[in-house]
There are 2 protein chains.
Amino acid sequence: MAQSVSLPANARVCDAERGCSHFHLVQSGYLRMQSHSMAGRRQILGMARPGESIGPPRGGIGVYEVEAATPVRLCRFDRQTFELLLFDEPELRRALFQQSQIWLEKTRRLTWLLGALGSNARLRAILLLARDWLPWRPLEDGTGVLSLELPRQDIADYLATTQETVSRLLHQFQDEGLIEIINPRKIRLIDFERLAEGLDGLVSA
Amino acid sequence: MAQSVSLPANARVCDAERGCSHFHLVQSGYLRMQSHSMAGRRQILGMARPGESIGPPRGGIGVYEVEAATPVRLCRFDRQTFELLLFDEPELRRALFQQSQIWLEKTRRLTWLLGALGSNARLRAILLLARDWLPWRPLEDGTGVLSLELPRQDIADYLATTQETVSRLLHQFQDEGLIEIINPRKIRLIDFERLAEGLDGLVSA
DNA sequence: CGCATTGTTGATCTATGTCAAGGACCGTGG
DNA sequence: CCACGGTCCTTGACATAGATCAACAATGCG
């Protein structure tokens, strides 16, 4: 019924064609839900982090893929088993609904990012949001270090921009004293105030 | 407990500040869920059409507003009443979950539109999608007429572009023979094939 | 018949996508 | 130990879609 699965980065978890007939609970690592355009452009629609789940789209028509963004450990439920469990576990139903609400909220926030903000502001926004998302180590001086677990390309495809722009903007932020690029995957956030500029209450600076 | 409400276009249904403590079921007209950026930019995160519902965001942190996009008739439930109903009506819980899934799917599709497609393709996409969304009258010759119930500005804010661009693109489509602008609110869709170009399976041409 | 709202068109400017090249880093195999 | 190839990131030069500003046309309403 429920089995534990380990996958390397970029492994396909579930597919447009085969349809994803499983329910997955992320135990460690990150999954990305994405979709490709014919033009070859990829848009990441959301990331699932440890503790979150990705279920078979109930009634959804969209054709999305789910892949491992980093090496992951998953707990996999066969769909039928899951339906049965769901049937006689009110708590599970509640949890599932909760998950659904969380996904909705995350997706709305992303839509908002994409629609209302320019690349520059979008990048600043996720830097701040990622603090309770990715490994984040606050330092004594009030700044803190963020571990970007994802390659530039994933960040770009999440923000609907390009690798190059992400890179350029990060270095621009560094020049402006907003952040320090310790190494490509370690960013020290310095000036929260200015990072949060123009982002509304989206993120508490 | 449940009351019927009628509102004119652009009426505020529920607010960021006051929080929306009601549950609404749309009976006629369209609601828009939106959010403003400090820069004054508005992004429409989704439209609710007759038969759909908008509930109080359960656990959501986002600050969204809900307004009438057209004159609407709503069925309003007080939150407490609704919670009670929800408690002893399994069917209602099921329906609510369904609604949540629908919202999620719609929001993902919008995210995808915004992230993966350019303005041109986005506009073509909603023209096609709006066929089962807005009043749509197929004609004998295979074409059909779409009633754009919404002002240009709403379309623009939904597609994360501007009034001007929407207008220009519509006229460009007309020049290319894809559509005919009967009047600003009535569009005849002519060449479905070419309208669907590059939109993947998003819409069946 | 003004006046307000909504839509259209033009001119301009800029952010950012695209293409191309090069650099840093890492593991593998000789 | 070094050479090699691969991946990931960075930087530069250039082109352009589309935002912005501004004016004007069309429509409907009191």
Side-chain angles (χ1 to χ4, degrees), chain A residues 8-11 32 37 39-43 68-71 113-125 127 146-176 179-187 197-198, chain B residues 8-11 37 39-43 68-71 113-125 127 146-176 179-187 198:
Chain A
N10 297 317
R32 55 173 188 247
S37 83
R41 196 180 190 78
R42 179 183 67 164
Q43 176 64 38
T70 65
L113 277 186
L114 298 184
L117 305 177
S119 306
N120 181 304
R122 290 209 286 277
L123 183 54
R124 285 184 285 114
L127 284 180
L146 191 64
S147 288
L148 270 263
E149 309 275 79
L150 312 169
R152 292 283 184 275
Q153 188 63 58
D154 279 7
I155 298 172
D157 287 347
Y158 185 74
L159 297 180
T161 180
T162 61
Q163 243 187 130
E164 293 93 325
T165 298
V166 170
S167 182
R168 273 189 258 266
L169 286 174
L170 283 177
H171 286 267
Q172 178 191 324
F173 294 164
Q174 178 164 239
D175 294 345
E176 295 170 345
I179 67 173
E180 177 196 355
I181 303 174
I182 300 172
N183 70 52
R185 302 294 181 103
K186 296 266 182 230
I187 309 285
E197 217 149 75
Chain B
N10 296 318
S37 81
R41 196 178 191 79
R42 180 182 67 163
Q43 176 64 39
T70 65
L113 277 187
L114 298 184
L117 306 177
S119 306
N120 180 305
R122 290 209 287 276
L123 182 54
R124 286 184 285 115
L127 284 180
L146 191 64
S147 288
L148 272 256
E149 308 277 79
L150 311 169
R152 293 282 186 275
Q153 188 64 58
D154 279 7
I155 298 174
D157 288 347
Y158 185 75
L159 297 179
T161 180
T162 61
Q163 243 187 133
E164 293 94 325
T165 298
V166 171
S167 182
R168 272 188 259 267
L169 286 173
L170 283 177
H171 287 265
Q172 177 190 325
F173 295 164
Q174 178 164 239
D175 294 345
E176 296 170 345
I179 67 174
E180 178 196 354
I181 303 174
I182 300 172
N183 71 49
R185 302 294 182 104
K186 297 266 183 229
I187 310 286

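Every chain is numbered from 1 and lettered A, B, ... according to where its sequence line falls, protein lines coming before strand lines. Small disclaimer: the values here were computed from a predicted structure and weren't measured. All values below were derived from every heavy atom in this structure, side-chain atoms included, with hydrogens, water molecules and symmetry-related copies excluded.
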For residues B:Arg168 and B:Asn120, is any side-chain donor paired with an opposing acceptor at under 3.5 Å?
-> no
Report yes or no: does A:Gln43 contribute a side-chain atom to a donor-acceptor pair with the main-chain N or O of A:Asp157 at less than 3.5 Å?
-> yes
Going 5' to 3' along DNA chain D, which nucleotides are the first and last within contact of chain A (any atom under 4.0 Å from a heavy atom)?
-> D:dC8 to D:dA13
Hey, are the side chains of B:Ile179 and B:Arg124 touching, using non-hydrogen atoms and a 4.5 Å cut-off?
-> no
Near DNA chain D, which residues from residues 146-157 of chain A have a heavy atom under 4.0 Å away?
-> A:Pro151, A:Arg152
Inter-end axis angle, the helix from C:dC1-D:dG30 to C:dG30-D:dC1, with every axis fitted to five base pairs (rounded, 10 degrees) = 30°
Which value, rounded to the nearest 0.5 Å, describes the distance between A:Ile155 atom CD1 and A:Arg152 atom CZ?
-> 5.5 Å
Does anything in residues 180-187 of chain B reach DNA chain C, meaning a heavy atom under 4.0 Å, and if so which residues?
-> B:Pro184, B:Arg185
Is B:Leu150 close to B:Tyr158 at the side-chain level, that is, under 4.5 Å between some pair of heavy atoms?
-> no
Numerically ordered, the residues 161-171 of chain A set in heavy-atom contact under 4.0 Å with DNA chain C is A:Thr161, A:Thr162, A:Glu164, A:Thr165, A:Arg168
Contact span of DNA chain C against chain B, any nucleotide atom under 4.0 Å from a heavy atom, 5' to 3', runs C:dT6 to C:dA11
When rounded to the nearest 0.5 Å, the distance separating OG of A:Ser119 from CG of A:Leu159 is 8.0 Å
